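As structure tokens, the structure follows; a few thoughts come after it.
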Amino acid sequence: MAALTLSRAGVVYVASVPTVLGAVGFTGAGITASSLAAKMMSSAAIANGGGIAAGSLVATLQSVGAAGLSLSTKIILGSLGSVLTFLSF
């Protein structure tokens with residue numbers, strides 16, 4: 001029974017990523033105006049002299065928000081979610 005609970009926790013972690021990113025403004029259509037994502041993008045652009053650096057947190061989150069997670073990332077997040085749930089017991 002505990003293994004099933006851990007497995008579900010991993011699925012929840014993976015499934016929640018697009019929902020959470022969309023809620024903060026990283027969507028498939030781009031960054032939502034007046035959102036937390038827009039504020040992050042503005043701060044990053046100011047810090048980098050007007051542009052967003054490739055590989056930065058904002059660029060990575062926008063990429064995931066637009067394209068979703070790769071299979072390897074889903075596996076890693078699922079495993080991490082299972083481990084974190086196990087450690088919380």
Side-chain angles (χ1 to χ4, degrees):
M1 186 67 164
L4 185 58
T5 301
L6 294 177
S7 175
R8 286 184 188 158
V11 170
V12 169
Y13 276 92
V14 172
S16 67
V17 169
T19 304
V20 171
L21 287 178
V24 297
F26 293 103
T27 68
I31 291 180
T32 305
S34 300
S35 65
L36 176 60
K39 290 176 177 71
M40 289 174 66
M41 184 176 175
S42 176
S43 295
I46 290 168
N48 288 310
I52 303 298
S56 67
L57 177 63
V58 173
T60 302
L61 291 175
Q62 179 54 40
S63 176
V64 172
L69 298 170
S70 66
L71 178 60
S72 60
T73 304
K74 288 178 183 177
I75 291 169
I76 290 168
L77 278 177
S79 299
L80 180 63
S82 295
V83 168
L84 290 175
T85 302
F86 175 76
L87 293 175
S88 69
F89 282 121

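Nothing here was measured: the structure is a model prediction, and the numbers come from that model.
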(message) Test of understanding: clusters of I, L, V, M, F, W, Y form through side-chain heavy atoms closer than 4.5 Å, transitively. Do Ile76 and Leu21 belong to the same one?
(response) no
(message) Checking Thr19 now: which residues fulfil side chain to side chain contact (heavy atoms under 4.5 Å, CB included) with it, not counting sequence neighbours?
(response) none
(request) Tell me, please, which residues at least two apart from Ile75 pass side chain to side chain contact (heavy atoms under 4.5 Å, CB included). (result) Leu71, Ser79
(request) Please report the shortest heavy-atom distance between Gly25 and Ser35, naming the atom on each side. (result) CA-OG, 3.6 Å
In a table with atom names and distances, give each donor-acceptor pair under 3.5 Å that connects a side chain of residues 59-66 to protein atoms at least two apart or in another chain.
| unit_1 | atom_1 | unit_2 | atom_2 | d |
| --- | --- | --- | --- | --- |
| Thr60 | OG1 | Ser56 | O | 2.9 |
| Gln62 | NE2 | Thr27 | O | 3.1 |

Extract all donor-acceptor atom pairs below 3.5 Å that involve side chains of residues 39-55 and protein atoms in other chains or at least two apart in sequence.
| unit_1 | atom_1 | unit_2 | atom_2 | d |
| --- | --- | --- | --- | --- |
| Ser43 | OG | Lys39 | O | 3.1 |
| Asn48 | ND2 | Ala44 | O | 3.0 |

(request) Go through the structure and list residues passing side-chain hydrogen bond (donor to acceptor under 3.5 Å, both in side chains) with Ser34, not counting sequence neighbours. (result) none
